[in-house]
Undergrad: 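Below is a structure I'd like to ask you about.
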Amino acid sequence: QVQLVESGGGLVQPGGSLRLSCTASGSIFSINVMGWYRQAPGKERELVATMTSGGRTNYAGSVQGRFTITRDNAKKTVYLQMNSLKPDDTAVYYCYADSYYYSEYRGDYWGQGTQVTVSS
């Protein structure tokens with residue numbers, strides 16, 4: 001099994017910044033995609049940003065230019081720098097990672113979630 005632990009959420013004013021961190025541990029051979037999803041009350045979980053082990057990124061259009069995903073493969077850690085935060089960014093943010101044994105896909109894993117609240 002793979003465990004993902006997030007940190008860095010909190011309450012911030014509109015226009016402010018937060019940095020989320022997520023570290024993977026457990027039975028890991030390799031991770032291809034690692035990143036962040038979020039879920040606001042009454043809405044489905046949506047992609048925020050992901051990065052492959054090779055550095056390819058994917059961002060939601062709503063966060064492009066404001067959020068930056070980075071990754072340290074050696075530390076099995078992914079970060080999300082969130083700038084110019086808006087009230088619409090308020091959600092529970094979940095870390096995501098897949099898992100491979102060589103080329104064999106073993107599953108998707110999720111963190112427990114960290115609350116981000118953007119409010120004045």
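The structure displayed is predicted, hence computed values, not measured ones.
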Undergrad: Are Val12 and Tyr93 linked, directly or through intermediate hydrophobic residues, by side-chain heavy-atom contacts shorter than 4.5 Å (ILVMFWY only)?
TA: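 Looking at the clustering, Val12 is in the same group as Tyr93.
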Undergrad: Please report the shortest heavy-atom distance between Ile69 and Ala49, naming the atom on each side.
TA: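 In terms of heavy atoms, the two residues are closest at CD1-O, 3.5 Å.
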Undergrad: What are the two closest heavy atoms between Ala24 and Leu4, and how far apart are they?
TA: CB-CD2, 3.4 Å
Undergrad: Using atom types as modelled and distance alone, determine if a side-chain donor or acceptor of Arg106 lies under 3.5 Å from a backbone N or O of Ser99.
TA: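 No, Arg106 side chain to Ser99 backbone: no donor-acceptor pair under 3.5 Å.
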Undergrad: What are the two closest non-hydrogen atoms of Ala40 and Ala91, and how far apart are they?
TA: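 For Ala40 and Ala91, the tightest heavy-atom pair comes out as N-CB, 3.9 Å.
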Undergrad: Measure from the side-chain N and O atoms of Asp98 to the backbone N and O of Val33, and report whether any donor-acceptor pair falls under 3.5 Å.
TA: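 The answer is yes, because a donor-acceptor pair under 3.5 Å joins these two groups.
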Undergrad: Closest approach of Trp110 and Tyr94, non-hydrogen atoms and distance?
TA: CE3-CB, 3.9 Å
Undergrad: So, does Glu6 use its side chain to make a donor-acceptor pair with the main chain of Gln112 at under 3.5 Å?
TA: yes
Undergrad: Give, for atom OG1 of Thr57 and atom CD of Gln64, the distance between the pair rounded to the nearest 0.5 Å.
TA: 8.0 Å
Undergrad: For a side chain to side chain contact (heavy atoms under 4.5 Å, CB included) check, start with the C-alpha distance between Arg38 and Val63, then their side-chain angles and the critical distance, and finish with the verdict.
TA: CA-CA 12 Å; Arg38 68 186 181 188; Val63 308; 4.0 Å; yes
Undergrad: Please find the pair of heavy atoms, one from Gln3 and one from Gln1, that lie closest to each other, and give the distance.
TA: NE2-CB, 3.5 Å
Undergrad: Assigning hydrophobic clusters by single linkage (Ile, Leu, Val, Met, Phe, Trp, Tyr; side-chain heavy-atom cutoff under 4.5 Å), is Met51 placed with Tyr59?
TA: yes
Undergrad: When you compare the side chains of Thr77 and Thr23, does any donor N or O come within less than 3.5 Å of an acceptor on the partner?
TA: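 A pair is found: one side chain offers a donor N or O, the other an acceptor, under 3.5 Å apart.
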Undergrad: I need the Ser62 OG to Leu47 CG distance, nearest 0.5 Å.
TA: 9.5 Å
Undergrad: Measure the shortest side-chain to side-chain distance between Met82 and Asp89 over non-hydrogen atoms and say whether it is less than 4.5 angstrom.
TA: no
Undergrad: Is a side-chain N or O of Thr90 found less than 3.5 angstrom from the main chain of Val118, in a donor-acceptor match?
TA: yes
Undergrad: Sub-3.5 Å donor-acceptor pair from the side chain of Thr117 to the main-chain atoms of Leu11, do we have one?
TA: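 A pair under 3.5 Å: no.
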Undergrad: Can Tyr96 be reached from Ile31 by stepping across I, L, V, M, F, W or Y side chains whose heavy atoms are under 4.5 Å apart?
TA: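 As far as the 4.5 Å side-chain criterion goes, Tyr96 and Ile31 are not connected within one cluster.
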Undergrad: So how far is it from Gln81 CD to Leu20 CG, rounded to the nearest 0.5 Å?
TA: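 Going from CD on Gln81 over to CG on Leu20, the span is 9.0 Å.
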Undergrad: Atom CG of Asn32 and atom OH of Tyr100: how far apart are they, to the nearest 0.5 Å?
TA: 5.5 Å
Undergrad: Is there a path from Tyr37 to Val92 through hydrophobic residues (I, L, V, M, F, W, Y) whose side chains come within less than 4.5 Å of each other?
TA: yes
Undergrad: Quick one, Leu18 with Phe67, criterion side chain to side chain contact (heavy atoms under 4.5 Å, CB included). Give me CA distance, side-chain angles, the key distance, then yes/no.
TA: CA-CA 10 Å; Leu18 286 173; Phe67 292 10; over 6 Å; no
Undergrad: Of all heavy-atom pairs between Cys95 and Met34, which one has the smallest distance, and what is that distance?
TA: SG-CE, 4.4 Å
Undergrad: Hey, is CG on Asn58 packed in by over 12 heavy atoms from elsewhere, all under 6.0 Å?
TA: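 Check passes, neighbour count above 12.
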Undergrad: Under a plain distance cut-off of 3.5 Å, with no hydrogens placed, do Asn83 and Ser17 share a side-chain donor-acceptor pair?
TA: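 Yes, side-chain donor-acceptor contact under 3.5 Å.
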